[in-house]
Every structure is written in structure tokens, then in C-alpha cells.
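One structure is given below, encoded as C-alpha cells.
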Amino acid sequence: DIAATLGAMKQAHQTLVGFALETHNEQANAERKLQAKNLDMIVLNSLQDEGAGFGVDTNKVTLLYSNGTKKDLPLLSKQEVADAIIDSL
């Protein structure tokens with residue numbers, strides 16, 4: 001598990017972001033991964049919303065942070081999602 005390995009060796013000046021595609025208990029599973037892998041943020045992808053996921057140019061994600069906050073993004077182009085992830089760091 002690359003993210004867990006990186007999380008175990010993360011330095012104080014580093015920020016580690018992971019991604020989770022969940023099909024059930026989405027937020028709980030993503031939060032568990034966030035903590036277990038020592039991530040600063042995890043991007044939760046859901047396949048529950050039309051226009052999100054694979055085979056389309058849009059996605060709807062939730063950003064979960066290690067401090068317990070979260071940010072739900074609306075349906076955006078994948079480029080806009082990438083920009084939002086970068087901006088949130």
C-alpha cells in the first residue's frame with residue numbers, strides 16, 4: 001500500500017493526499033483510510049451521483065481533512081476538481 005508506506009515516513013513539512021472510491025459506507029470508509037494511512041486529506045469519489053465517476057468528463061467529490069472538516073464539491077469538470085484539490089492545499 002503506497003499511501004500507507006508514505007504516511008508512515010511522512011515528515012512534518014509534507015502534505016499527503018489520498019483518493020478513495022467507495023461503494024458503501026463511503027464517508028466512514030474514507031475517514032478510516034485517512035487516519036490509518038496518516039493522510040492530511042483524502043478525496044472521496046462516489047459513484048452514487050449521475051455524471052460522476054468513470055466514463056464521463058465530470059466528477060463530484062468530497063474532500064475530507066485530518067482535522068475532521070469536510071468540503072463537498074458540486075458536480076464539476078475533472079479539471080475543475082483537480083484545481084479545487086490543489087487550491088484546498
Side-chain angles (χ1 to χ4, degrees):
D1 184 327
I2 295 169
T5 300
L6 292 173
M9 54 197 290
K10 183 175 72 168
Q11 304 286 314
H13 67 280
Q14 295 176 313
T15 301
L16 189 59
V17 178
F19 294 82
L21 174 62
E22 301 295 334
T23 57
H24 67 283
N25 299 325
E26 295 170 344
Q27 186 169 330
N29 286 335
E31 288 172 350
R32 180 184 53 76
K33 289 177 181 178
L34 176 72
Q35 297 305 315
K37 297 174 189 242
N38 193 28
L39 303 174
D40 297 289
M41 181 176 77
I42 194 162
V43 180
L44 171 58
N45 288 278
S46 172
L47 298 179
Q48 302 298 325
D49 297 303
E50 187 174 332
F54 302 108
V56 293
D57 292 330
T58 55
N59 207 356
K60 186 174 180 184
V61 302
T62 300
L63 308 179
L64 302 169
Y65 301 89
S66 59
N67 67 4
T69 62
K70 80 173 194 171
K71 181 177 181 180
D72 294 310
L73 298 181
L75 187 67
L76 299 168
S77 73
K78 290 186 178 177
Q79 179 63 55
E80 290 171 316
V81 170
D83 291 341
I85 293 168
I86 297 296
D87 291 345
S88 69
L89 299 173

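By convention here, the first residue in the shown sequence is residue 1. Note that the structure is predicted; figures quoted are calculated from it, not measured.
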>> Is there a side chain to side chain contact (heavy atoms under 4.5 Å, CB included) between Val17 and Val43? Walk through the geometry before answering.
In response: CA-CA 8 Å; Val17 178; Val43 180; 4.1 Å; yes
> Excluding sequence neighbours, so at least two apart, what forms side-chain hydrogen bond (donor to acceptor under 3.5 Å, both in side chains) with Ser77?
Replying inline: Glu80
>> Can you list everything that forms a side-chain hydrogen bond (donor to acceptor under 3.5 Å, both in side chains) with Gln27? Sequence neighbours excluded, please.
In response: Glu31, Lys70
> Any idea which heavy atoms bring Ala20 and Ile42 closest together, and the distance?
Replying inline: CB-CD1, 3.7 Å
> What's the spacing between His24 NE2 and Asn29 CG if we round to 0.5 Å?
Replying inline: 5.5 Å
> Can you name the side-chain contact (heavy atoms from CB on, under 4.5 Å) partners of Gln48, sequence neighbours left out?
Replying inline: Glu26, Ser46
> Should the heavy atoms of other residues, nucleotides or ligands under 6.0 Å from NZ of Lys71 be counted, would the total exceed 12?
Replying inline: no
> How far apart are the closest heavy atoms of Phe19 and Ile85, and which atoms are they?
Replying inline: CE2-CD1, 3.9 Å
> Taking everything shown except Ile2 itself, do over 12 heavy atoms lie less than 6.0 Å from its CD1?
Replying inline: no
>> I'd like to check the side-chain contact (heavy atoms from CB on, under 4.5 Å) partners of Thr23; sequence neighbours left out, ordered by chain and number.
In response: none
> Could you give all pairs that pass the side-chain hydrogen bond (donor to acceptor under 3.5 Å, both in side chains) test and reach residues 4-15, with sequence neighbours left out?
Replying inline: Lys10-Asp40
>> For Ala30 versus Leu44, what's the shortest heavy-atom pair and its separation?
In response: CB-CD1, 3.9 Å
> Applying the 4.5 Å side-chain criterion to the ILVMFWY set and letting contacts propagate, would Met41 and Val81 be lumped into a single cluster?
Replying inline: yes
>> Assigning hydrophobic clusters by single linkage (Ile, Leu, Val, Met, Phe, Trp, Tyr; side-chain heavy-atom cutoff under 4.5 Å), is Tyr65 placed with Leu16?
In response: no
>> Run the side-chain hydrogen bond (donor to acceptor under 3.5 Å, both in side chains) test against Asp87 and tell me which residues pass, sequence neighbours left out.
In response: none
>> Ala4: which residues meet the side-chain contact (heavy atoms from CB on, under 4.5 Å) condition with it, sequence neighbours left out?
In response: Asp1, Lys37
> How close do Ala84 and Leu73 get, heavy atom to heavy atom, and via which atoms?
Replying inline: CB-CD1, 3.7 Å
Only pairs under 3.5 Å count here: list side-chain donor-acceptor contacts from residues 51-63, not counting sequence neighbours, and write none if there are none.
from, atom 1, to, atom 2, distance (Å)
Thr58, OG1, Gly51, O, 2.3
Asn59, OD1, Gly53, N, 3.3
Asn59, ND2, Asn45, OD1, 2.8
Thr62, OG1, Asp72, OD1, 2.8

